[in-house]
Amino acid sequence: MDTEAQHTERDPSSEPEEGSRSARVSEDSGTTEPDEAPAGGTLFSWRRTALVGGVCVAFLLLLSHFVTQPFLIPSGSMEPTLHIGDRILVNKLAYRFGSEPGRGDVVVFDGTGSFVGERPRDNPVTGLLHDGAAALGLAEPDETDFVKRVVGIGGDRVVCCDKDGRLTVNGVPVHERYVMPGDQPSSVPFDIVVPQDRLWVMGDHRSQSSDSRDHLGSPGGGMVPVDKVVGRADWIAWPFARWSTVPGSGAFDGVPAAPARGHGAGAHG
């Protein structure tokens, strides 16, 4: 009896098989047709992408304007410290809260009125596009922007060269290890006193740098107003192989503060 009962039992899964199969086919048949995206879906996606891109660019421009700005090195005047094609990050907050550029700092400044004359007005549209690209480090900087090393600050007497061929500041010889190997501290002799709120700046590649020495006869005597300094070059951001901070210099550690002077500062004979 048990054997017969076992033969007459149906497999519990056999009967609903057809139904379940048909149910699955019926359900699947509703998804075999390709989905069609709403007509405005692609447009919405492009708008969202454009909005996110615009917000990112606006953020970078604000960051560049107020905090740190990429700056493309267009020449070899600062070799070996900075190479042609380097992109440095200029710290715009370095001198924002009362501090001023110090001897040895590598700074970016606007040379209008000291290194170059007033530039003619550009086409507003092309000028805006160039300024935006330069602010992001994608284009060469304006022709009025320069990067140099601060050698003398307000009140300093800077002389080149002493009997041993060295540059001196306030009577103390400066060992300029950052100068391009093979270059002299200066092939042009000078003896100047830096006016207050001005800077005497020079490139590290002295034989290839047009700096304060070349503008002694220009308005301002080659001295850069402190308020024309854009910021301090703190980092080399590109290429990645050169990613580092801009090397500091202890060359001026032994230079004393400038003596008080009771007469106008400027170039000596």
Which residues pass the side chain to side chain donor-acceptor pair (under 3.5 Å) test with Ser75, sequence neighbours left out? Ser77
In chain order, what residues pass the salt bridge (charged side-chain N to carboxylate O under 4.0 Å, His left out) check against Asp227, with sequence neighbours excluded? none
Strictly by salt bridge (charged side-chain N to carboxylate O under 4.0 Å, His left out), give each pair with a member in residues 238-252 just once, sequence neighbours left out. Asp86-Arg242
Are the side chains of Asp145 and Asp110 in touch, meaning some heavy atoms are under 4.5 Å apart? yes
Smallest separation among heavy atoms of Ala258 and Gly154, with atom names: CB-O, 4.1 Å
Consider only side-chain heavy atoms of I, L, V, M, F, W and Y, link residues closer than 4.5 Å, and tell whether Val174 and Val159 are in one cluster. no
Quick one: list whatever passes side-chain contact (heavy atoms from CB on, under 4.5 Å) with Ser210, sequence neighbours left out. Asp214, His215
About how many Å separate CE of Met78 and CZ of Phe146, when rounded to the nearest 0.5 Å? 13.5 Å
Val158 side chain near Leu167 side chain, heavy-atom distance below 4.5 Å: yes
With rounding to the nearest 0.5 Å, note down the distance linking CD in Gln196 to CD1 in Ile153. 8.5 Å
Please round to the nearest 0.5 Å and tell me the distance separating atom CZ of Arg103 and atom CH2 of Trp200. 15.0 Å
For Pro247 against Thr81, the heavy-atom pair lying closest together: CD-CG2, 4.1 Å
Please tabulate, one pair per line, all N/O donor-acceptor pairs under 3.5 Å involving side-chain atoms of residues 230-241, not counting sequence neighbours.
unit_1, atom_1, unit_2, atom_2, d
Arg232, NE, Asp234, OD1, 2.7
Arg232, NH2, Asp234, OD2, 3.3
Asp234, OD2, Asn91, ND2, 3.1

Do you know which of Val147, Thr144, Val201 makes side chain to side chain contact (heavy atoms under 4.5 Å, CB included) with Phe109? Val201
Under the side chain to side chain donor-acceptor pair (under 3.5 Å) test, which residues partner Asp211, sequence neighbours left out? Ser209, Arg213
For Ser99 against Ala94, the heavy-atom pair lying closest together: OG-O, 2.7 Å
Enumerate the residue pairs fulfilling side-chain hydrogen bond (donor to acceptor under 3.5 Å, both in side chains) with a member in residues 158-170, sequence neighbours excluded, ordered by first and then second residue. Asp156-Asn170, Asp162-Arg166, Asp164-Arg166
Residues in salt bridge (charged side-chain N to carboxylate O under 4.0 Å, His left out) with Arg149, at least two apart? Asp204
Restricting to pairs with a member in residues 243-252, which pass side-chain hydrogen bond (donor to acceptor under 3.5 Å, both in side chains), not counting sequence neighbours? none
Considering only heavy atoms from C-beta outward, does the side chain of Arg157 approach that of Asp191 to under 4.5 Å? yes
Apply the test side-chain contact (heavy atoms from CB on, under 4.5 Å) to residues Val108 and Ile88: give CA-CA distance (whole Å), side-chain angles for both, the deciding distance (0.1 Å), then the verdict. CA-CA 10 Å; Val108 171; Ile88 58 174; 4.2 Å; yes
Under the salt bridge (charged side-chain N to carboxylate O under 4.0 Å, His left out) rule, collect the residues that match up with Glu79, sequence neighbours excluded. none
Within-4.5 Å side-chain heavy-atom neighbours: Asp183 and His205: yes
Are the side chains of Pro256 and Val172 in contact, using a 4.5 Å heavy-atom criterion? yes
Sequence neighbours left out, what passes side-chain contact (heavy atoms from CB on, under 4.5 Å) with Val226? Give chain and number order. Glu100, Pro101, Leu199
Hey, does Met180 have a side-chain heavy atom less than 4.5 Å from the side chain of Gln208? no
Contacts of Asp197 that satisfy salt bridge (charged side-chain N to carboxylate O under 4.0 Å, His left out) - sequence neighbours left out: none
Identify the heavy atoms of Ser212 and Gly222 that sit nearest to each other, and give their distance. OG-O, 2.7 Å
Would you say that Pro70 contacts Leu89 through its side chain, given a criterion of any heavy-atom pair below 4.5 Å between the two side chains? yes
Measure the CZ-NZ distance between Phe115 and Lys148 for me, rounded to the nearest 0.5 Å. 6.5 Å
Checking side-chain contact (heavy atoms from CB on, under 4.5 Å) for the pair Asp105/Tyr95: CA distance, chi angles, key distance, verdict? CA-CA 11 Å; Asp105 288 357; Tyr95 311 121; 2.7 Å; yes
Are Pro195 and Met223 side-chain neighbours, meaning at least one heavy-atom pair lies under 4.5 Å? yes
Does Arg206 reach the main-chain N or O of Pro185 with its side chain, forming a donor-acceptor pair under 3.5 Å? yes
